[in-house]
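Here is the structure we will look at, set down as structure tokens.
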Amino acid sequence: MDQEATLVIIKPDGLKKSLTGNILTRLSEAKLKIIGAKVVKVGNDLANTHYRHLKDKPFFKELIKYISGKLHGENRVMPLVYWGQAAIGKVRRIAGATNPEEADPISIRGAYGRILTTGLYENVVHASSDPDEAEREIKLWFNPEEIVYDLYPAKEEKSNNQNRRVWQ
Ligand code: DAT
Ligand code: MG
């Protein structure tokens, strides 16, 4: 299995419950490298683009409120890029199943997630599901210069008389 990158997002409930340290400790079991990390305020556009594949689901509106912090009064998430052998599968295993009640109790979602009365799964972390989604999501959440490896082709662009790198 090749080296690959995957996106993790610690969701607003993870930040509100001060779980950042616990989550990073659990993920460190995978022996992957963190090659990008930041704290981001999530607006509607970013939320909708990130979850665009779910826009026809009955829980979509609630999901957008959740990821953009409106359920927690906590408009912050922490995206991270992990890199290494079979990174996508390793992180998904440590994160646990989508439904926190079905997730292994020692997984992150099994230990810290819950189902809201609206039916939404509040499951603490996002983890990319496959290589195509990982690439789409990493390019959505990070600029090339925010990641320490050259993961995907990028190019110089001039904006406001300054050069910056953007994804090709
Ligand atoms: P995952 O986050 O495991 O990749 P997904 O991409 O299918 O799962 O869904 C994105 C998020 O939407 C998920 O983390 C929690 C919520 N969700 C998914 N399926 C749901 C369902 N059937 N009921 C309620 N919330 C759901
Ligand atoms: Mg998904």
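Indexing begins at 1, ligand by ligand and atom by atom, following the structure's order. Basis for what follows: all heavy atoms, side chains included, without hydrogens, waters or symmetry-related copies. Note that the structure is a prediction, hence the values are computed from the model and not measured. Count residues from 1 along the sequence.
Residues passing the salt bridge (Lys or Arg N to Asp or Glu O under 4.0 Å) test with E157, sequence neighbours excluded: R164.
For the residue pair N123/K11, the side-chain donor-acceptor check at 3.5 Å is satisfied.
Following chains of ILVMFWY side-chain contacts shorter than 4.5 Å, one can reach W167 starting from V148, so the two form part of one hydrophobic cluster.
E122 places no side-chain N or O within 3.5 Å of a backbone atom of R114 that could act as its donor or acceptor partner. Counting only distance, with no hydrogens or angles, the side chain of N143 and the backbone of E146 share no donor-acceptor pair below 3.5 Å.
Between H50 and H126, the angle of the ring planes goes over 60°, which puts this pair in the perpendicular group of the 30/60° scheme.
A heavy-atom cutoff of 4.0 Å around ligand 1 is satisfied by the protein residues K11, Y51, H53, L54, F59, L63, R92, T98, R109, G119, L120, Y121, N123.
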